[in-house]
Protein chains: 2
Amino acid sequence: MRSASDDLTTRARIRDAAVARFGQQGFAGTSLRQIAEDAGVSAALILHHFQSKEGLREACDAHVVRTFLSENEQMTGADASRLMRDALNSVEDRGAALDYLSRMLVDDSPASDNLFDAFLAGTRTMLREQIAAGIMREQTDVEATAVYLTLYGLGPVILRRHLARAFGESTLTTSLVERSTIPVLELFTHGLYADERLLTAAKEALSPSNREAK
Amino acid sequence: MRSASDDLTTRARIRDAAVARFGQQGFAGTSLRQIAEDAGVSAALILHHFQSKEGLREACDAHVVRTFLSENEQMTGADASRLMRDALNSVEDRGAALDYLSRMLVDDSPASDNLFDAFLAGTRTMLREQIAAGIMREQTDVEATAVYLTLYGLGPVILRRHLARAFGESTLTTSLVERSTIPVLELFTHGLYADERLLTAAKEALSPSNREAK
DNA sequence: CGCGACGCTAAACAAGCGTTTAGTCTGCTG
DNA sequence: CAGCAGACTAAACGCTTGTTTAGCGTCGCG
């Protein structure tokens with residue numbers, strides 16, 4: 001299986017090997033010699049192509065960001081359930097990049113910020129479109145809702161190992177996605193609370209204090 | 001401010017310094033000499049107390065798990081909004097442990113699994129209680145709902161840097177929590193979708209295939 | 001053909017790592 | 001007071017790290 005390795009540029013092969021290793025073991029936990037062996041080259045060649053280990057990281061960051069950004073663009077306009085399905089389907093072969101992404105998002109790096117902001121922008125656009133189309137409800141603070149929807153979307157991805165474990169699987173499978181669909185849609189269709197008591201209570205509790213929104 | 005450092009056992013001081021460093025830079029990215037300097041001891045003393053760097057990690061794991069577990073227990077029985085408020089309030093001083101927790105959850109370690117399972121168990125109990133009390137709605141798959149609620153709860157915590165950034169703050173502040181309350185409660189009270197179209201469509205699409213639940 | 005450019009490697013480099021060793025100091029116990 | 005036990009350190013150990021250096025082979029261009 002899995003080709004797309006022999007016909008790649010040496011540079012690209014090194015980069016892919018690095019993404020895989022960094023995703024599995026973290027940046028500091030991976031040595032250039034490990035990556036070199038995976039890519040079938042010498043350690044010195046990595047530095048010939050990327051100047052330094054840090055340079056290699058930047059190239060990996062940029063590559064992973066590019067991957068998910070183009071994927072993200074394609075999705076704008078799709079509804080949330082298709083989005084979820086597509087996202088989980090693309091997991092199977094893109095596992096390495098997802099590992100890398102997870103570590104990136106918990107670290108603080110400029111690339112991490114760019115990536116999150118791009119996800120947020122995608123979610124915001126999608127949310128606005130769906131509200132305008134009457135598919136989703138109006139929200140009192142669309143921006144804040146977009147932020148939390150982005151976080152809720154990324155949570156299962158970053159913690160997908162635990163998601164799979166909780167469902168008795170070792171990885172994200174089709175059956176897991178199928179079992180997830182109804183409960184998640186239920187949550188976002190009927191809500192979790194049986195009535196409006198908590199919401200109205202919170203509204204009253206917050207009413208005298210802050211009124212400007214910015 | 002911040003005392004609780006001079007009066008601690010040397011062992012505890014080392015452990016706390018390690019949690020802070022591991023949380024900020026990761027396990028592989030932190031040297032024993034760094035931790036030793038932070039704790040005001042020699043590197044050799046760390047090994048005298050913890051046998052090896054790996055032993056130190058295990059002690060840190062156990063300590064962080066213990067911290068969040070006791071916190072988790074106290075919360076069982078509280079409603080979700082109080083839970084959210086408490087969680088975000090406890091962030092300010094427990095920042096180091098939270099950084100550590102985030103890295104733990106994306107890594108694969110037995111301690112990470114234990115911790116997640118404990119969170120999941122807490123969420124499950126809370127969900128069942130609230131449903132029984134009529135505060136939350138019945139769910140077709142309570143277990144799956146509990147899993148996703150746990151993931152949705154952890155997402156904003158793990159990605160709290162991005163959460164803060166998206167709200168124009170540099171850290172989780174009171175005003176951020178206040179601005180979050182209504183949108184989140186709204187989401188979990190009314191849901192996101194305007195009608196049941198998507199849910200019923202999904203139900204129909206999935207009806208012929210799997211009927212046993214496990 | 002000659003020759004620089006480029007992809008690439010082997011070997012060596014200093015620095016830093018986790019860990020070991022040997023030893024000092026202090027406080028308790030007999 | 002002798003002596004053991006435990007907290008603690010300085011120095012050294014061997015090894016791995018990222019990086020440098022020098023050089024090999026093979027193209028394409030004049």
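Just so it is clear: chains get the letters A, B, ... in the order the sequence lines come, proteins before strands, and each one is counted from 1.
Closest of all the heavy-atom pairs between B/Ala43 and B/Arg33 is CB-CG, 4.1 Å.
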Check nucleotides 9-15 of chain C against the protein and report each pair of N or O atoms closer than 3.5 Å, with its distance, or say if there are none.
residue : atom : partner : partner atom : Å
C/dT9   : OP2  : A/Ser42 : N            : 2.8
C/dT9   : OP2  : A/Ser42 : OG           : 3.0

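The side-chain hydrogen bond (donor to acceptor under 3.5 Å, both in side chains) test applied to B/Thr150 returns B/Thr123, not counting sequence neighbours. The salt bridge (Lys or Arg N to Asp or Glu O under 4.0 Å) check on B/Arg21 picks up B/Asp38, with sequence neighbours excluded. Scanning for salt bridge (Lys or Arg N to Asp or Glu O under 4.0 Å) contacts around A/Asp61 gives an empty result, with sequence neighbours left out.
Of all the residues in residues 55-62 of chain A, not one reaches under 4.0 Å from DNA chain D with any non-hydrogen atom.
Along DNA chain D, read 5' to 3', the first and last nucleotides having any atom under 4.0 Å from a heavy atom of chain A are D/dT17 to D/dT20.
Per the geometry, CZ belonging to A/Phe50 stands 13 Å off C1' belonging to C/dG7, to the nearest Å.
A/His49 has a side-chain polar atom (N or O) that falls below the 4.0 Å cut-off from OP1 or OP2 of C/dC8.
In the model, B/His162 has a side-chain atom that pairs as donor or acceptor with a side-chain atom of A/Ser112 under 3.5 Å. There is no side-chain donor-acceptor pair under 3.5 Å between B/Arg11 and B/His49.
The pair B/Asp99-B/Arg160 meets the salt-bridge criterion, since a charged nitrogen lies less than 4.0 angstrom from a carboxylate oxygen.
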